[in-house]
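Below: the structure, in structure tokens.
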Amino acid sequence: MQQKNACFSPQWWREILKLNLGTLLTAVGVYFFKFPNHFTTGGVSGISILLSQWAPGISSATMNLILNGALLIVGLAFLGKKFGLRTAYASLTYSLITLLFEKIVPMETPMTSQPLMELLFAVGLPAVGAAILFDVHASSGGTDIIAMLIKKYTRMNIGMGLAMADLVVVIGACFAFGMETGLFSLFGLFLKSVLVDTVMDNLRTCKVFHIITDSPEPICRYITDKLGHSATITQGEGAFTHEKRQIIMTVVNRSQAIRLQLFVRATDPHSFITITSSSEIIGKGFQGVTE
């Protein structure tokens, strides 16, 4: 019964929402901005653009579904339980959404005459989508499945291997679609890696509070009862006055940080607060620990 309730907890629904949102953003960016401009910034979508160019009659969306479907089968066959169900769901859903877009909103030409702006959306939306998926321990499949297979069966440097493969795809774009598209694709390849890391750090950023106060009790009650977190209290001594004071250390998310700051200032106007940002918090209530 507890396991069933956990499956439909608020946290579970938030993760499902993130899973679908990340998948949708990826599909929108790839179909509406990447496919029409032939931006081959690596990955399965880039390979699909190249192969559809050399295989008349098969659209990029259809080729994307074929390749992701094949990799999905390979991943399930060779990785078994290690192959995440969320990744399988996201990969299949993303491919089907792009195919659905092709049927509902055919895109013969780019939406605008501004390729740089289109590139920003072609890279930015999938990068945000990928970061959201990574945040819930999923991905849209594709070359991530290849990376998992390489990791299992070889000692090859995965990051370098996939980067080289993406570079080959970009070079292929220079021959298939011209140097201008190839250079845009190369720029998008570098931009993609930067954006994914940046968005992931922002999604995971929490605020670390160190509060020096004479009124620790109400502040700690607020942290535990209102914010749902715990705190650690240590003894401190002023270097100049040698007065004994309490130091509260706690970690909250960004929206809670504003509430906590306002409460502390209202409760103890003479308190001293230091606030730092961290994108790697491991412990109960955060990442890395099973509830």
Notebook entry, point to check: Can a salt bridge be assigned to the pair Lys34 and Glu118 using a cut-off of 4.0 Å between side-chain N and carboxylate O?
Noted result: no
Notebook entry, point to check: Quick one: do Phe209 and Ile233 end up in the same hydrophobic cluster if we chain Ile, Leu, Val, Met, Phe, Trp and Tyr together by side-chain heavy atoms under 4.5 Å apart?
Noted result: yes
Margin query: Return the CD1 to CD distance between Ile258 and Gln256, rounded to the nearest 0.5 Å.
Written below: 11.0 Å
Next item on the list: Of all the heavy-atom pairs spanning Ser271 and Arg245, show the shortest one and how long it is.
Entry: CA-NH2, 4.3 Å
Next item on the list: Can you measure from CG (Asn253) to OG1 (Thr205) and round to the nearest 0.5 angstrom?
Entry: 11.0 Å
Next item on the list: Please examine the side chains of Ser278 and Val251, heavy atoms only from C-beta on, and report whether any two atoms are closer than 4.5 Å.
Entry: no
Notebook entry, point to check: Any donor and acceptor pair, going by atom type alone, linking the side chain of Thr112 with main-chain N or O of Gln114 inside 3.5 Å?
Noted result: yes
Note to self: Could you go through Arg259 and Leu227, starting from their C-alpha distance and side-chain angles, then the distance that decides it, and tell me whether this counts as side-chain contact (heavy atoms from CB on, under 4.5 Å)?
What the structure shows: CA-CA 9 Å; Arg259 295 163 55 193; Leu227 302 183; 3.6 Å; yes
Margin query: When you compare the side chain of Glu102 with that of Met107, does any pair of heavy atoms fall below 4.5 Å?
Written below: no
Notebook entry, point to check: Do any N or O atoms from the side chain of Thr250 and from the backbone of Ala231 form a donor-acceptor pair under 3.5 angstrom?
Noted result: no
Next item on the list: Report yes or no: does Ser91 contribute a side-chain atom to a donor-acceptor pair with the main-chain N or O of Ala88 at less than 3.5 Å?
Entry: no
Margin query: Hydrogens and angles aside, do Thr213 and Asp268 bring a side-chain donor and acceptor to less than 3.5 Å of each other?
Written below: yes
Check: Nearest heavy-atom pair of Ala257 and Lys207: which atoms, and what distance?
Finding: CB-CG, 3.6 Å
Check: Do you know which two heavy atoms are closest between Val170 and Gly182, and how far apart they sit?
Finding: CG1-O, 3.6 Å
Checklist line | Arg265 side chain reached by Ile273 side chain, heavy atoms, under 4.5 Å | finding: yes
Next item on the list: Evaluate side chain to side chain donor-acceptor pair (under 3.5 Å) for Thr23 paired with Thr26, printing each intermediate quantity in order.
Entry: CA-CA 5 Å; Thr23 303; Thr26 302; over 6 Å; no
Next item on the list: Flag yes if more than 12 heavy atoms outside Glu243 fall under 6.0 Å of its CD atom; otherwise flag no.
Entry: no
Notebook entry, point to check: Do side-chain atoms of Tyr94 reach the backbone of Leu65 as a donor and acceptor pair under 3.5 angstrom?
Noted result: no
Check: What's the spacing between Asn64 CG and Ile97 CD1 if we round to 0.5 Å?
Finding: 11.5 Å
Notebook entry, point to check: What distance separates Phe263 CZ from Arg221 CZ, expressed to the nearest 0.5 Å?
Noted result: 7.5 Å
Next item on the list: Dump the intermediate steps for side-chain contact (heavy atoms from CB on, under 4.5 Å) on Leu92 and Asn68, then the final yes or no.
Entry: CA-CA 7 Å; Leu92 184 60; Asn68 272 321; over 6 Å; no
Check: Relative to each other, are the rings of Phe121 and Phe33 parallel, tilted or perpendicular (30° and 60° limits)?
Finding: parallel
Notebook entry, point to check: Does the side chain of Pro36 come within less than 4.5 Å of Met111's, by heavy atoms?
Noted result: no
Note to self: Are Met249 and Thr234 packed together at the side-chain level, in the sense that at least one heavy-atom pair is separated by less than 4.5 angstrom?
What the structure shows: no
Note to self: Are Leu186 and Phe177 linked, directly or through intermediate hydrophobic residues, by side-chain heavy-atom contacts shorter than 4.5 Å (ILVMFWY only)?
What the structure shows: no
Next item on the list: Please answer whether the main-chain N or O of Ile58 pairs with a side-chain N or O of Thr62 as donor and acceptor at a distance below 3.5 Å.
Entry: no
Notebook entry, point to check: If only atom types and distance count, is the side chain of Glu15 paired as donor or acceptor with the main-chain N or O of Trp12 below 3.5 Å?
Noted result: no
Margin query: Rounded at 0.5 Å granularity, tell me how far CD1 in Ile211 sits from OG1 in Thr274.
Written below: 8.5 Å
Note to self: Does any part of the side chain of Ile132, heavy atoms only, come nearer than 4.5 Å to the side chain of Leu25, both counted from C-beta?
What the structure shows: yes
Margin query: For Val44, is there any backbone N or O sitting under 3.5 Å from a side-chain donor or acceptor partner on Ser48?
Written below: yes
Margin query: Would you call the rings of Phe101 and Phe32 parallel, tilted or perpendicular, taking 30° and 60° as the class edges?
Written below: tilted
Next item on the list: Indicate the atoms forming the closest heavy-atom contact of Thr40 with Ala173, along with that distance.
Entry: OG1-CB, 2.7 Å
Checklist line | For Ala138 against Arg86, the heavy-atom pair lying closest together | finding: CB-CB, 3.6 Å
Item checked: Parallel, tilted or perpendicular: ring planes of Phe39 versus Phe184, cut at 30 and 60 degrees -> tilted
Checklist line | Test side-chain contact (heavy atoms from CB on, under 4.5 Å) applied to His210 and Val208, step by step | finding: CA-CA 7 Å; His210 287 87; Val208 182; 3.9 Å; yes
Check: Do Phe187 and Leu189 belong to the same hydrophobic cluster, where Ile, Leu, Val, Met, Phe, Trp and Tyr are linked whenever their side-chain heavy atoms lie under 4.5 Å apart, directly or via other members?
Finding: no
Item checked: Closest heavy-atom pair and its distance - Pro218, Thr267 -> CG-CG2, 3.8 Å
Item checked: Whether over 12 other heavy atoms sit under 6.0 Å from Leu100 CG -> yes
Item checked: Transitive ILVMFWY side-chain link Ile66 to Leu71, under 4.5 Å -> no
Note to self: For Ser95, is there any backbone N or O sitting under 3.5 Å from a side-chain donor or acceptor partner on Thr98?
What the structure shows: yes
Next item on the list: Tell me, with the steps shown, if Ser60 and Ser52 meet side chain to side chain donor-acceptor pair (under 3.5 Å).
Entry: CA-CA 5 Å; Ser60 297; Ser52 63; 3.0 Å; yes
Next item on the list: State, yes or no, whether a side-chain contact exists between Ile47 and Leu67 at a heavy-atom distance under 4.5 Å.
Entry: yes
Note to self: Count I, L, V, M, F, W, Y as connected when their side-chain heavy atoms are under 4.5 Å apart, and connections chain through other members. Are Leu19 and Leu125 then in the same cluster?
What the structure shows: no
Next item on the list: Please check if the side chain of Glu237 supplies one atom and the backbone of Lys244 the other of a donor-acceptor pair under 3.5 Å.
Entry: no
Notebook entry, point to check: So do Cys206 and Arg254 actually touch side chain to side chain, heavy atoms under 4.5 Å?
Noted result: no
Item checked: Nearest-0.5 Å distance that lies between atom CZ in Phe35 and atom CE in Met63 -> 10.5 Å
